[in-house]
Every structure is written in C-alpha cells, then in structure tokens.
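First comes the structure, then the notes that go with it.
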Amino acid sequence: MQNDRDALIAGLIAMAGFLKANSQIPISMAPVIIRAFPSSGPDDQMCAEVDQVAALLGTEIDPDNVLYGHYMTCIDFGPVRYEFIAILAAARIRHAAVHSYRDCIQTDNT
C-alpha cells in the first residue's frame, strides 16, 4: 500500500516537473481529480472512514452529494482536487438496476 502511495506521489511530482519544463505541451484547464474510496463494507463503516479522512483534511462532508448516495469530502489545490467517497448501498443498487438493461436494447443502424 505504501509503495502504491509513494509511486502515485512520485508520478504526480514527475508529471508536474515535466509540464513545467515543457511549456509548449498543451494542458487542459479542466480540473484534475484524484478519487479514493473506503474499503467495502456497511454504509456506517464506510461513512465513519470518510469522517476520519475529513477530520485529517480539515474539511466537511459535502451535503449536496449525500442526496445522490455519495458520502464524500474533498479538498482543492487550485484546479486539483482530492475526493474521498463512500458510495452508499442504495446508490449502488440504483446503479445496478439502471445498468441491468444495458445491451438489452438494440438500435437499427441501417
């Protein structure tokens, strides 16, 4: 786990240095988002993990996303954002139901 973390951080630093040194390379002004998720488990356990990360970040839980079943916190560094998100059981069930019809409808492409 620590090796993965170290590799991600090293990659981000290397990419930032590369882009700074090569200003002719185009970049998008769209935000860059790094998302992380708690271990799978019951909603209350995942929410507790998000609460712990929010405390470490000094951030709050985003109330707008709770409506959609995403219990999350985030912190921004300019256009770069770190999000820690628990996707709650009801949201996972809704997603599975919606996607259960995927590939069931065929369009006539003639």
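Both backbone and side-chain heavy atoms feed into the values below; hydrogens, waters and symmetry mates do not.
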Subject >> Heavy-atom neighbours of F37 CZ exceed 12 at 6.0 Å >> reply: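 Yes, because the 6.0 Å sphere around CZ of F37 holds more than 12 heavy atoms from other groups.
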Heavy-atom closest pair, residues [X] and [Y]:
X	Y	value
M46	G41	CE-O, 3.6 Å
Y82	A36	OH-CB, 3.6 Å
C74	T59	O-CG2, 3.2 Å

Original post:
Side chain of D43, backbone of A89: donor and acceptor closer than 3.5 Å?
Top reply: yes
Original post:
Between the main-chain N or O of I61 and the side-chain N or O of T73, is there a donor-acceptor pair closer than 3.5 Å?
Top reply: no
**OP:** Would you indicate whether the side-chain heavy atoms of C47 and L88 approach each other to under 4.5 Å?
**Re:**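 In contact.
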Original post:
Would you call V53 and V50 a side-chain contact if the rule is heavy atoms closer than 4.5 Å?
Top reply: no
In this structure, would [X] and [Y] fall into the same cluster of hydrophobic residues linked by side-chain contacts under 4.5 Å?
X	Y	answer
I33	L19	no
F77	I9	no
I27	M15	yes

Give, for atom [atom1] of [X] and atom [atom2] of [Y], the distance between the pair rounded to the nearest 0.5 Å.
X	Y	atom1	atom2	answer
I87	N65	CD1	CG	10.5 Å
Y71	D62	OH	CG	11.0 Å
D51	L56	CG	CG	11.0 Å
M72	E60	CE	CD	13.5 Å
H70	R35	NE2	CZ	9.5 Å
R81	D76	CZ	CG	4.0 Å

Original post:
Where do I25 and F18 land on the side chain to side chain contact (heavy atoms under 4.5 Å, CB included) test, with the steps shown first?
Top reply: CA-CA 9 Å; I25 294 175; F18 176 80; 3.3 Å; yes
Original post:
Taking it one step at a time, do L12 and I34 satisfy side chain to side chain contact (heavy atoms under 4.5 Å, CB included)?
Top reply: CA-CA 11 Å; L12 290 169; I34 295 177; 3.6 Å; yes
